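Input: a single structure, listed below in structure tokens.
Numbers here simply count residues along the sequence, with the first being 1. The figures that follow rest on heavy atoms only: side chains count, while hydrogens, waters and symmetry mates do not. All of these numbers come straight from a predicted model, not from anything done at the bench.
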Amino acid sequence: MQGLLDMDSLEILVEVLRRGARAIADASRSCALSRMQMLYMSDHASVVSLNLFAALLCGCIVIGHLLEENRWMNESITSLVIGLCTGVVILLTTGLKSSHLLVFSEDLFFIYLLPPIIFNAGFQVKKKQFFQNFSTIILFGAIGTLISCTVISLGVIQFFKKIGLTSLDIGDYIAIGAIFAATDSVCTLQVLNQDETPLLYSLVFGEGVVNDATSVVLFNAIQNFDLNNINHQTALQFTRNFLYLFFASTMLGVLTGLLCAYIIKKLYFARHSTDREVALMILMSYLSYTMAEMFYLSGILTVFFCGIVMSHYTWHNVTESSRVTTKHVFATLSFIAETFIFLYVGMDALDIEKWRFVSNSPGTSIAVSSVLLALVLVGRAAFVFPLSFLANLSRKSSNETISFRQQVIIWWAGLMRGAVSMALAYNKFTSAGHTHLQDNAIMITSTITVVLFSTMVFGLMTKPLIRLLLPHPKHGSRTMLSGSSSPKLLSHPLLGGERDSDSELVLSDFPRPNSLRALLRTPTSTVHYYWRNFDNAFMRPVFGGRGFVPFVPGSPIRSGYEGQ
């Protein structure tokens, strides 16, 4: 009898376990299905967001083209306004819950959007003008950025505690100086004409790139130091790290560009496929940026100088079809990235989450934004006019000096703040795109306010100001956007780069220096003379460059390059 009971109990236990296992399996299956449904919904939402962004980008291109001749508007402001309008629509349709389609990520900006913009800037720069004014560009872009950062940092230390921001420390104050020292001169470059004002354009363009690199390097250096205990050893180590980042990043970009030039020159990819040449140039340029980030260097400096080296050597080693393709590919990618950034900044400006944090203290947010705008104005003026005076001392010809009107335009060109400031502010004061402290939220909303105000107000006044200070009969016609990446104007700046290369070959423009006095009087021409001799004797035979045209049977325009 006991055995029968044991058997019955065992059968009951087995049945219970079987039913439990079936219930667990059903629950797991339902969880998996619900997870798959959530993933499907998430993927569908991403597809919807990408579709809307693609449509908005198309709208920005069309409307920007229609407003090209407008006295006030430009493509940057157009994209920003469209982003704001889209943010309002999304805000209303979601019941005041969200205004953007994607959560802003500094990784999205620094890893995917910034590299094509900076690389194209280096790839299409007129090298002769850039390097003739290299000392002044470094003076403005590096030393000037440090001065501006110092002025802004001292100002926020002085005023923020009086306003009510008490949770920030010395590291935050210096980081704020680096954030708002980063300029965005796109609006000014869209108006300046590279052929009419080559000196002014070269200074604004070059300073903008070096400024962005210096700001990011400075910001990253600040993040790695404990600035609450500052002494002379900390300052010395900070300076040493800053210089190391600056020069190591530059050398990495140069070496990557030279490696790409050497590979393409030796292997003649185009004998089999021009696509391989184009693909290698694109991947090597991006590789230079990612390698810099991997080694904790400045990707901006690296990819910029990689672009300069590729335009000087690699671009002349590929076939004619690859040259045309690379020019348009790099410029188009840069243009799309710039438009995307301004569009997203406009949408993210209305993020209700950040503004909800500061709704209890709107006066504090307004005061912080006003102080930051005033410090941007003062910090910019603190170095533009004094450093322009120093730069003029080394310029012997009156045609080469920076006039007061040009100094005003240089000062104005750096007042706009853009995506670099936004990305650095998000990196410092948010976690995964979200804010959790009121003071941090105030800094984010103040950064958004400064970016919007400076881009909209200062940007709208850029065209009239330049026409007032630099009257020119051709200003009424369509300006040539040499610094922009607009596809409709691709050929001019890049073909202009070819003309620079031709003019660089004429060594008679640079008299042979025969003394230390000549080097001190004309340092740029002297360095250029020796560099050109070294380049022709050693660099071009190894890495190619102008004059090297790979033979491709049936090339339609090869004869046009044989005589060069």
Side-chain angles (χ1 to χ4, degrees), residues 56-57 59-91 99-100 104 109 179-192 204 208 212 338-352 354-355 358 362 365-380 408-409 411-426 443-468 479 481 483-484 486:
L56 290 171
L57 288 171
C60 291
I61 293 172
V62 173
I63 297 174
H65 173 74
L66 296 175
L67 296 177
E68 187 176 9
E69 301 295 338
N70 188 276
R71 180 181 179 184
W72 303 94
M73 298 293 289
N74 56 53
E75 289 176 333
S76 301
I77 299 176
T78 301
S79 302
L80 200 60
V81 171
I82 292 176
L84 282 170
C85 295
T86 306
V88 171
V89 173
I90 297 175
L91 201 62
S99 67
H100 49 67
F104 185 87
F109 173 74
I179 290 169
F180 288 95
T183 65
D184 191 339
S185 55
V186 173
C187 292
T188 307
L189 290 175
Q190 288 179 341
V191 181
L192 287 176
V204 172
D212 286 345
E338 283 184 5
T339 306
F340 184 95
I341 288 172
F342 280 102
L343 182 65
Y344 188 85
V345 167
M347 295 173 62
D348 194 66
L350 299 176
D351 185 11
I352 198 67
K354 304 177 184 65
W355 293 103
V358 301
S365 181
I366 294 174
V368 170
S369 302
S370 302
V371 168
L372 289 173
L373 274 171
L375 291 174
V376 166
L377 292 168
V378 175
R380 182 75 182 170
V408 172
I409 293 177
W411 169 72
W412 186 269
L415 295 180
M416 274 75 79
R417 295 296 177 266
V420 175
S421 295
M422 287 281 292
L424 294 179
Y426 271 84
M443 286 309 308
I444 294 296
T445 56
S446 298
T447 304
I448 293 172
T449 303
V450 171
V451 169
L452 289 178
F453 184 88
S454 61
T455 303
M456 297 290 291
V457 177
F458 298 156
L460 286 172
M461 296 172 61
T462 297
K463 283 186 179 180
L465 178 67
I466 292 179
R467 289 178 179 178
L468 175 65
T479 56
L481 178 53
S484 173
S486 177

- Query: Who are the side chain to side chain contact (heavy atoms under 4.5 Å, CB included) partners of Leu377, not counting sequence neighbours?
  - Reply: Trp411, Leu415, Phe458
- Flag side-chain contact, heavy atom, 4.5 Å: Arg417 against Thr183: yes
- Report the distance from atom CG of Leu452 to atom OG1 of Thr447, rounding to the nearest 0.5 Å. 10.5 Å
- Message: Could you report the tightest heavy-atom contact between Gly418 and Val451, atom names first, then the distance?
- Response: O-CG2, 3.9 Å
- Query: Rounded to the nearest 0.5 Å, how far apart are CZ of Phe109 and CD1 of Ile341?
  - Reply: 4.5 Å
- How close do Val204 and Ala413 get, heavy atom to heavy atom, and via which atoms? CG1-CB, 3.8 Å
- Query: Hey, does Thr455 have a side-chain heavy atom less than 4.5 Å from the side chain of Asp184?
  - Reply: no
- Message: Any non-hydrogen side-chain atom of Met456 less than 4.5 Å from a side-chain atom of Val81?
- Response: yes
- Query: Looking at Ala182 and Val420, what are the two nearest heavy atoms and their distance?
  - Reply: CB-CG1, 3.7 Å
- Note on the structure: The reported gap from CG in Leu468 to CD1 in Ile409 (rounded to nearest 0.5 angstrom) is 9.0 Å
- Query: For Arg380, which residues count as a salt bridge (charged side-chain N to carboxylate O under 4.0 Å, His left out) partner, sequence neighbours excluded?
  - Reply: Glu207
- Those residues at least two apart in sequence (or on a different chain) that pass side chain to side chain contact (heavy atoms under 4.5 Å, CB included) with Leu372 are Val156, Phe160, Ile176, Phe180, Val368, Met443, Ser446, Val450
- Can you name the residues that form a side chain to side chain contact (heavy atoms under 4.5 Å, CB included) with Ser79, not counting sequence neighbours? Cys60, Thr339, Phe342
- Item | Euclidean distance, Ile444 CD1 relative to Thr449 OG1, rounded to 0.5 Å | 11.0 Å
- Task: List in chain and number order the residues that pass side chain to side chain contact (heavy atoms under 4.5 Å, CB included) with Thr78, two or more places apart in sequence or in another chain; answer none if no residue qualifies.
- Result: Ile63, Leu67, Met73, Ile82
